[in-house]
**Q** 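Structure incoming, see below.
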Amino acid sequence: MADSTTAFEIATDKPLQADLDKCVHCGLCLNACPTYRVLGVEMDSPRGRIYQMNQVAAGAPIGPSYIEHIELCLACRGCESACPSGVEYGKLVEAARAEIEGSVARPRWVRGLRRFVFGHLLQSPAIMTALGAVLYLYQSSRLQKVIRTLGFLKLLGKLGAIESLTPPAEPPFFFSKIGATFPAEGQRRYRVALMAGCIANVCFARLNEATVRVLQKNGCEVVVPEGQGCCGALHVHAGLRDEARGLARRNIDALLDGGYDAILTNAAGCGSTLKEYGELLEGDPQYAARAREFSKRMQDVTEFLASIELNREMRPLPLTVTYQDSCHLAHGQRIRTAPRKLLQAVPGLTFREMPLSDVCCGSAGIYNVVRNEMSMEILERKMASVNQTGAAVIATANPGCVLQLRAGVNLHGKGQRVVHVVELLDEAYRR
Ligand code: SF4
Ligand code: SF4
């Protein structure tokens, strides 16, 4: 069973030479890379980053320049889809970050902040609930309006950027549903488990409820198993692989033996990591086989719904909708057709493809906060693609992308509504 230690372990992983050697330096990935598209700098392209990883593997020191180029990467894996040589870039950049994490002494306050966020906040429903309540009070009081109207956010610099990207807290929080079972509507066809996420329980509680309803409409008994927690995706992206392993063991223990037909998530970023538990725990003799089995059962909710006989009893939604591929769905999980198929199943809905729909929107976990300037450059380009479609609704399959695109609509959009694909299905099922 999972080690219950809360120790903040330091990862020791690093890119493997065999993985680095798969790159033949052809450059076919360059145009798929959002940071290269903005900067036009080789060292901020996938090929350039692999070159630098090779230098470090050959003994070069891990210096500020290397850290900067690796940290400026969104880990969006657009390059992985573009690469004809099968370079697993996502694995490489995660390992490079783990190596940096294990070898660089960060300032004390940064260490303290990271320890709080990754070691406590993301793992504690109590802390998330308390902070969610404070956030809700701030957002529902006049204070937020006053601060935004008077332009204080600009004076706050990075803190101001964080404020403008903060999702709305949505009480009642979904934590109260953990442990619950929701019956199938009509005949039960499947028994599925829902991974409710961590922050999503506070900030995407309505999306989680919509997900449950849509699954119920499709003959699923939905269990939200007790004992589940944060999937560890943000830890993996930050190079904290040992911490992520602890979270993976806990989720495996909570879900694997429940006899579910599938384990589902509505967050593509989480799903990508959940499907890689097998790899994350491959060196753990006690968990390796269970982790592989867990990953096999894991599915994105759009992937699951598109694979079953969909309930077509929907009301028409006369909407023009475009779809933004979530990187961790399109590139991380290679799922592009399923969400489009679901949107096109809604009667009355007109689907308009946007150019470069699978180029990252700049969200990338907490990238839009820690690398706000680059994230906003990328977002501006994304919104130009969205605006070309004339669509009134932007659908996507990851809560982080929903937030980023909402910020994009505020800054550069034309009043579009931004929703998760499942929320449109939920609307269509409601009478
Ligand atoms: S990562 Fe792939 S596409 Fe990019 S340079 Fe290397 S081999 Fe070419
Ligand atoms: S993961 Fe994304 S940002 Fe990073 S190198 Fe690849 S395409 Fe560029």
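Remember, it's 1-based here, ligands and their atoms both numbered in the order they're listed.
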**Q** Can you sort out which atoms of ligand 2 are near Y89, meaning under 4.0 Å from one of its heavy atoms?
**A**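 Under 4.0 Å from Y89, ligand 2 has these atoms: 1 (S), 4 (Fe), 5 (S), 6 (Fe).
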**Q** Which part of A75 is near ligand 2, with near meaning a heavy atom under 4.0 Å away: side chain, backbone, both or neither?
**A**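 Within the 4.0 Å criterion, A75 contacts ligand 2 through backbone atoms alone.
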**Q** From C76, does some N, O or S atom reach closer than 2.8 Å to atom 2 (Fe) of ligand 2?
**A**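 Short answer: yes, at least one N, O or S atom is under the cut-off.
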**Q** Distance to 0.1 Å, residue and atom name: give those for the protein heavy atom nearest to atom 6 (Fe) of ligand 2.
**A**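 Minimum-distance protein heavy atom for atom 6 (Fe) of ligand 2 reads C79 SG, 2.4 Å.
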**Q** Among L255, V301, V224, N266, whose side chain to side chain contact (heavy atoms under 4.5 Å, CB included) with M195 holds?
**A**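 Testing M195 for a side chain to side chain contact (heavy atoms under 4.5 Å, CB included) against L255, V301, V224, N266 leaves exactly one candidate, L255.
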**Q** Taking only heavy atoms of G27 into account, list the atoms of ligand 1 that are under 4.0 Å away from them.
**A**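 Ligand 1 atoms under the 4.0 Å threshold to G27: 5 (S), 8 (Fe).
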**Q** Would you mind checking which non-hydrogen protein atom is closest to atom 8 (Fe) of ligand 1, with the distance to 0.1 Å?
**A**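 Answer for atom 8 (Fe) of ligand 1: C26 SG, 2.3 Å.
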**Q** Can you name the atoms of ligand 2, numbered from 1 with element, that are less than 4.0 Å from a heavy atom of R77?
**A**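 Result: 1 (S), 2 (Fe).
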**Q** Of all the atoms in ligand 1, which lie at a distance below 4.0 Å from a heavy atom belonging to P84?
**A**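 Those of ligand 1 that fall under 4.0 Å from P84 are 3 (S).
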**Q** Would the distance check show the side chain of Q416 and the main-chain N or O of K414 forming a donor-acceptor pair, the cut-off being under 3.5 Å?
**A**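 Indeed, once roles are kept as given, a pair shorter than 3.5 Å links the two residues.
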**Q** I'd like to know if the side chain of R292 and the backbone of Y277 have a donor-acceptor N/O pair within less than 3.5 Å.
**A**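 A pair under 3.5 Å: no.
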**Q** Below 4.0 angstrom from a heavy atom of S85, which ligand 1 atoms are there? Numbered from 1 as shown, please.
**A**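 Those qualifying, in numeric order: 7 (S).
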**Q** I'd like to check which ligand 2 atoms, numbered from 1 as shown, lie under 4.0 Å from a non-hydrogen atom of P46.
**A**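 What qualifies from ligand 2 is 5 (S).
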**Q** Is it true that E68 and R371 have a side-chain N and a carboxylate O under 4.0 angstrom from each other?
**A**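 Between R371 and E68 there is a salt bridge, with a charged N closer than 4.0 Å to a carboxylate O.
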**Q** Do me a favour and list the nearest non-hydrogen protein atom to atom 2 (Fe) of ligand 1 with residue, atom name and distance?
**A**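 Residue, atom and distance for the closest contact: C83 SG, 2.3 Å.
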**Q** How far is atom 3 (S) of ligand 2 from its nearest protein heavy atom, and which residue and atom is that?
**A**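 The closest one turns out to be L74 N, 3.3 Å.
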**Q** Would you say T273's side chain and G232's backbone share a donor-acceptor pair under 3.5 angstrom?
**A**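 Not confirmed, T273 side chain does not pair with G232 backbone.
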**Q** State plainly whether the residues E88 and K22 are in salt-bridge range, i.e. N to O under 4.0 Å.
**A**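 Yes, this pair counts.
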**Q** Is there a donor-acceptor pair under 3.5 Å between the side chain of E279 and the backbone N or O of E276?
**A**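 No, because the side chain of E279 does not come within donor-acceptor range (under 3.5 Å) of the backbone of E276.
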**Q** Would you mind listing which atoms of ligand 2 come within a distance below 4.0 Å of any non-hydrogen atom of C33?
**A**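 Close to C33: 3 (S), 5 (S), 7 (S), 8 (Fe).
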**Q** Would you call E423 and R417 a salt bridge, taking side-chain N to carboxylate O under 4.0 Å as the test?
**A**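 No salt bridge links E423 with R417.
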**Q** Yes or no: does S45 have any heavy atom under 4.0 Å from an atom of ligand 1?
**A**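 Contact check S45 vs ligand 1: negative.
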**Q** Okay, side chain of R352, backbone of T320: is any donor-acceptor separation there less than 3.5 Å?
**A**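 It does not hold such a pair.
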**Q** Return the residue, atom name and 0.1 Å-rounded distance of the protein heavy atom closest to atom 4 (Fe) of ligand 2.
**A**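 Closest protein heavy atom to atom 4 (Fe) of ligand 2: C73 SG, 2.3 Å.
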**Q** Considering only non-hydrogen protein atoms, determine which one is nearest to atom 7 (S) of ligand 1 and report residue, atom name and distance to 0.1 Å.
**A**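 Its nearest protein heavy-atom neighbour is V24 N, 3.3 Å.
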**Q** Can you tell me the protein heavy atom closest to atom 5 (S) of ligand 2 and the distance?
**A**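 Among all protein heavy atoms, the one nearest atom 5 (S) of ligand 2 is R49 NH1, 3.1 Å.
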**Q** Using ring-ring contact (aromatic ring centres under 6.0 Å, His included) as the criterion, list what pairs up with F175, not counting sequence neighbours.
**A**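 F175: no ring-ring contact (aromatic ring centres under 6.0 Å, His included) contacts found.
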**Q** Would you say atom 6 (Fe) of ligand 1 has C23 as a near neighbour, meaning an N/O/S atom of that residue under 2.8 Å away?
**A**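 It does; at least one qualifying atom falls short of 2.8 Å.
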**Q** Got a donor-acceptor contact below 3.5 angstrom from the R106 side chain to the R111 backbone?
**A**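 No, because the side chain of R106 does not come within donor-acceptor range (under 3.5 Å) of the backbone of R111.
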